[in-house]
Amino acid sequence: MKMFIDCDPGVDDSVAILFALNRPEVEIVGISTSTGNVSAVQGAENTLRILKLAGMEGKIPVCAGAEKPLVGEVDGFPDFIHGKNGMGDVELPAAEQKAVDMDVCDFMYQKACEYEGELVLVSLGRMTNLANTLAKYPDYAKKIKRVVSMGGTIYSHGNVSPVVEANIGGDPEAADIAMMADWDMTLVGLDVTLKTHLTRSDVDKLLRCCLPEKKEMVSFISEELKYYMDGSRRQNYTMEYSPLHDPLAMVVAVDPSVVNTRKMVTRVECGGTWCRGKVVVDLREQPIEGRFVEHALEVDSRKALNILFAAFQN
Ligand code: RIB
Ligand code: CA
């Protein structure tokens with residue numbers, strides 16, 4: 001499977017990337033970043049360090065993208081959950097590899113053309129880079145095989161407002177453009193990610209059972225998750241686990257059988273206060289103008305976790 005990742009690493013992004021790097025059938029052909037958990041430049045730096053940790057330095061091009069959402073400005077970073085550096089304040093050694101010096105839209109389009117009809121686009125952050133590329137290259141969507149995106153919520157509560165999830169809420173206009181694009185898109189949102197619980201004992205067990213050659217990667221995951229899990233507790237004092245966002249989306253990209261989905265006409269609310277960034281689905285017979293997007297609504301979370309862990313054990 002040829003894969004392109006757009007992300008904002010981010011503790012959970014980095015776990016998702018490391019999982020994908022450890023799946024033999026996945027070939028990552030490019031990674032782009034946008035502002036979100038950290039700045040796009042910091043996200044690219046983090047990605048390069050993650051690639052070095054995985055022994056993939058110099059093998060996958062990385063490009064820093066949008067530093068601002070389509071509308072408005074960046075309103076601070078969620079360092080209480082991802083740390084100041086976006087990796088739970090764990091410092092990985094710097095890489096020699098540098099980010100490519102290219103406009104991110106050109107980079108994304110170039111990869112889509114190179115692997116036309118084959119590329120699975122995994123979106124783990126705001127959809128700003130996707131929207132900008134769709135605007136610059138109207139045939140971009142047609143070249144992508146399918147899109148799997150961590151974003152949104154239909155029935156669950158939100159995580160940045162009562163009804164809004166962070167990736168969509170961070171750039172609602174971009175997400176709405178992505179929903180309207182002519183591609184096959186699956187949203188893996190809070191309806192399923194909040195039900196997929198990672199516990200400290202899961203991580204400790206993985207540390208004990210992983211392959212020796214993967215120990216360094218798992219140790220890094222374990223360290224950065226300490227901060228992330230504490231962050232979950234800072235948000236909700238009773239929480240004894242961390243919800244798994246981006247890694248679940250990545251597992252779905254590799255094995256869609258872990259979720260049940262439903263296709264619904266979908267738009268994103270771009271106005272309002274509490275609802276700005278809400279994913280809106282219309283089940284009426286004569287719905288609003290919108291395209292069908294597939295939403296993950298149920299998850300076999302044990303199976304998803306087993307798939308995630310197996311990548312470091314086999
Ligand atoms: O709402 C969860 C999403 O927001 C994840 O992608 C996480 O990395 C943060 O960006
Ligand atoms: Ca993310």
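Counting starts at 1 for both ligands and their atoms, following the listed order. Please read all numbers here as calculations on a predicted model, not as lab measurements.
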Self-check item: Minimum-distance N/O/S atom that D246 presents toward the Ca ion (ligand 2)
Solution: OD2

Quiz item: Quick one: does D12 get an N or O within less than 3.5 Å of an N or O on ligand 1?
Solution: yes

Quiz item: N/O/S atom of P9 under 3.0 Å from the Ca ion (ligand 2), yes or no?
Solution: no

Practice problem: Number the atoms of ligand 1 from 1 as they appear, then name those within less than 4.0 Å of a heavy atom of D246, with their elements. | Solution: 5 (C), 6 (O), 7 (C), 8 (O)

Exercise. Specify which N/O/S atom of D8 comes nearest to the Ca ion (ligand 2), by atom name.
Key: OD1

Quiz item: Is the number of heavy atoms from other residues, nucleotides or ligands within 6.0 Å of CD (E213) greater than 12?
Solution: yes

Self-check item: Numbered atoms of ligand 1 (with element) below 4.0 Å of N159, judged on heavy atoms
Solution: 1 (O), 2 (C)

Practice problem: Give a yes/no answer: is there an N/O/S atom of D12 under 3.0 Å from the Ca ion (ligand 2)? | Solution: no

Quiz item: Side chain or backbone of D8 under 4.0 Å from ligand 1, or both, or neither, by non-hydrogen atoms?
Solution: side chain

Quiz prompt | Protein heavy-atom partner closest to atom 2 (C) of ligand 1 - residue, atom, separation in Å | solution = E165 OE2, 3.2 Å

Quiz item: Any idea which part of D13 is under 4.0 Å from ligand 1, heavy-atom wise: side chain, backbone, both or neither?
Solution: side chain

Quiz item: For residues T199 and D202, is any side-chain donor paired with an opposing acceptor at under 3.5 Å?
Solution: yes

Quiz item: Any idea which atoms of ligand 1 are less than 4.0 Å away from a heavy-atom of M150?
Solution: 2 (C), 3 (C), 5 (C), 6 (O)

Quiz item: Is the backbone N or O of S156 less than 3.5 Å from a side-chain atom of D191, with the two atoms forming a donor-acceptor pair by type?
Solution: yes

Quiz prompt | Atoms in ligand 1 with a heavy atom of N167 nearer than 4.0 Å | solution = 3 (C), 4 (O), 5 (C), 6 (O), 9 (C), 10 (O)

Self-check item: Rounded distance (nearest 0.5 Å) linking atom CG of L244 with atom OH of Y228
Solution: 7.0 Å

Practice problem: For S32 and D6, test the side chains for any donor-to-acceptor distance below 3.5 angstrom and give the result as yes or no. | Solution: yes

Quiz item: Atom CE of M87 and atom CG of N46: how far apart are they, to the nearest 0.5 Å?
Solution: 4.0 Å

Exercise. Any atoms of ligand 1 less than 4.0 Å from a non-hydrogen atom of A166? List them with their elements.
Key: 1 (O), 4 (O)

Self-check item: Aromatic plane relationship, Y140 with Y109 - under 30° parallel, 30 to 60° tilted, over 60° perpendicular
Solution: tilted

Practice problem: State whether the shortest distance between N or O atoms of G125 and N or O atoms of ligand 1 falls below 3.5 angstrom. | Solution: no

Exercise. Pick whichever of I81, L194, N37, V15 has a heavy atom sitting closest to atom 10 (O) of ligand 1.
Key: N37

Self-check item: Pair H245-D12, side-chain donor/acceptor within less than 3.5 Å
Solution: no

Quiz item: Of the options T33, N37, I31, which is the one that meets P9 in a side chain to side chain contact (heavy atoms under 4.5 Å, CB included)?
Solution: T33

Exercise. Using modelled atom types only, decide if a donor and an acceptor are shared between the side chain of D171 and the backbone of R126 within a distance under 3.5 Å.
Key: no

